[in-house]
Number of protein chains: 2
Amino acid sequence: MGIAERKERDKLSMRQAVLDAAMELYHEKGIEALTLRAVAERIEFSPATIYLYFKDKDEIVFHLYSMAFAKFYQKQLEVNSIADPLERLRQGCRDYIEWGVQNPKLYDLMFILEVPMNVIAEENCQDIGKTSFAELQNLMVECIAADKLKIKDPELAAIMCWNMIHGITSLLIKKRIVIPHEAVPQMTNAVLDTFFVLVAK
Amino acid sequence: MGIAERKERDKLSMRQAVLDAAMELYHEKGIEALTLRAVAERIEFSPATIYLYFKDKDEIVFHLYSMAFAKFYQKQLEVNSIADPLERLRQGCRDYIEWGVQNPKLYDLMFILEVPMNVIAEENCQDIGKTSFAELQNLMVECIAADKLKIKDPELAAIMCWNMIHGITSLLIKKRIVIPHEAVPQMTNAVLDTFFVLVAK
DNA sequence: CCTAGGAACTGAACAGTGTTTAGTTTGTTA
DNA sequence: TAACAAACTAAACACTGTTCAGTTCCTAGG
């Protein structure tokens, strides 16, 4: 009686095929080229078929957003091996900026583009972005507990930190800060070092 | 021989009528409702007529961008009456965030999107951004000269400050920080106050 | 093995969008 | 007044996301 299971697998693999094609298109040609007709052509189905697997285009874009966040989250988990919370924070910030600069399109999806957040509100699935912020906040709790920060409110500290690293990352990605490519690490290091001098006890 | 002049005036007033209608539509219903057909209907002309006065929609959007920047500059100039450079900086930052949050789509055009930049001579738009940053940097020079800042490098100070205010503004606009609408001023004040506590001497 | 029913899929259409063009109307000028 | 140019538009084109009637195909029950 494996037919139902096979159908379930088929359904999932079809969804995955749509998402893969969508992510490919997005990577190759950007958000403007991410049309349902282009996705349909790539997977060799009619555009209408996509609507049997996804409610609308917004749901697909939201899944791309989630996939990008999953990759990012994986990278962020690496710093957990660092014992000192302040150093963990510092390295996490470094990785954040570096990841954003090296994956500008995914970063765009995650933090800049108009992601259909109504999808999140409707569904029960927890926004991975909020989880990520919660972890940053937890890290701040640790830093404050270890008396490493001048700021005593963990939420405020997390927001301040995020403002800073998102600010520089997005300004770099959107070329509002124009500097030679090789000077980027030096500049981000200077910014981060200064930030930690200001914020750390 | 006033006919040529009158025609010139007519041309200009027609352009202005298009821009006014576009800005109205934008303000009333947002950028999604800003369609050429809607603009045309509002000024009671056919959509095709618009193309006699503007190259394409991007040119119209670019003019909205310019108008937005003009308004933004005007707002920013108001702080020049404040004598104390640090207070001038603080109020400028407040105004920056407030303006961005209240004009999210225009902020989008000015500091996040890059699409309409290609329309008209790019040097001009680039100069606007650079001039803006240069002014911030000059203000930092003043603050440092008055021995008001912990950071001694004006360029670094300007970048840090811009990172912070752009970071929070864009995260709010893009709904990555989700808080009740009425809590926004409180939060931005907390962030700014903390930033100035950290950075000011 | 056969057939009814449902799941899977699609062609064609709908209502939008920005944009172009051919053709009409209008106003000016010689 | 006739010729010409400027102003304007209806209609179309090539797109978009989305819907739906209709077809194909597989499977479950007799």
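Residue numbering restarts at 1 for every chain, and letters A, B, ... go by the order of the sequence lines. The basis for the numbers below is simple: all heavy atoms, side chains too, and nothing from hydrogens, waters or symmetry mates.
Closest approach of B/Pro85 to B/Leu139, counting heavy atoms only: O-CD1, 3.7 Å.
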task: For A/Val191 and A/Met164, run side chain to side chain contact (heavy atoms under 4.5 Å, CB included): C-alpha distance rounded to whole Å, both residues' side-chain angles, the deciding distance at 0.1 Å, then the answer.
output: CA-CA 9 Å; A/Val191 166; A/Met164 180 63 61; 3.9 Å; yes
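Remark: side-chain polar atoms of B/Lys57 are not paired, donor with acceptor, to backbone N or O of B/Phe54 under 3.5 angstrom. Within the 3.5 Å criterion, the main-chain N or O of A/Leu106 finds no donor-acceptor partner in the side chain of A/Asn103. Under a 3.5 Å cut-off, the side chain of A/Asp56 and the backbone N or O of A/Glu59 do form a donor-acceptor pair.
In this structure, the CD atom of A/Glu59 is 15 Å from the C1' atom of D/dG17, given to the nearest Å. Note: CD (B/Glu32) to P (C/dT17) measures 12 Å, nearest angstrom. In this entry the distance linking CG of A/Asp10 with P of D/dC25 reads 17 Å, nearest Å. Note: CG (A/Asp58) to C1' (D/dG17) measures 10 Å, nearest angstrom. The CG atom of A/Asp56 sits 14 Å away from the C1' atom of D/dT16 (whole-angstrom rounding). As a whole-Å value, the separation of A/Tyr51 OH from C/dG11 P is 16 Å. Between the P atom of D/dT18 and the CD1 atom of A/Ile50 lies a distance of 10 Å, rounded to the nearest Å. The CG-C1' distance, from A/Leu52 to C/dG6, rounds to 13 Å in whole Å.
With ring centers used as reference points, B/Phe111 lies under 6.0 Å from B/Phe69. Taking the six-membered ring wherever Trp is involved, the centroid distance between the rings of A/Tyr107 and A/Tyr96 falls below 6.0 Å.
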Please enumerate all protein N or O atoms sitting under 3.5 Å from an N or O of nucleotides 21-23 of chain C, with distances to 0.1 Å.
none

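A/Tyr53 comes within 4.0 angstrom of sugar-phosphate atoms only, judged by non-hydrogen atoms across all strands, and of no base.
Contacts between residues 34-47 of chain A and DNA chain D, defined by a heavy-atom separation below 4.0 Å, involve A/Leu34, A/Thr35, A/Leu36, A/Arg37, listed by number.
Side-chain N/O atoms of B/Asp95 and B/Gln91 include a donor and acceptor closer than 3.5 Å.
Rounded to the nearest 0.5 angstrom, A/Arg88 CZ and A/Cys93 SG are separated by 12.0 Å.
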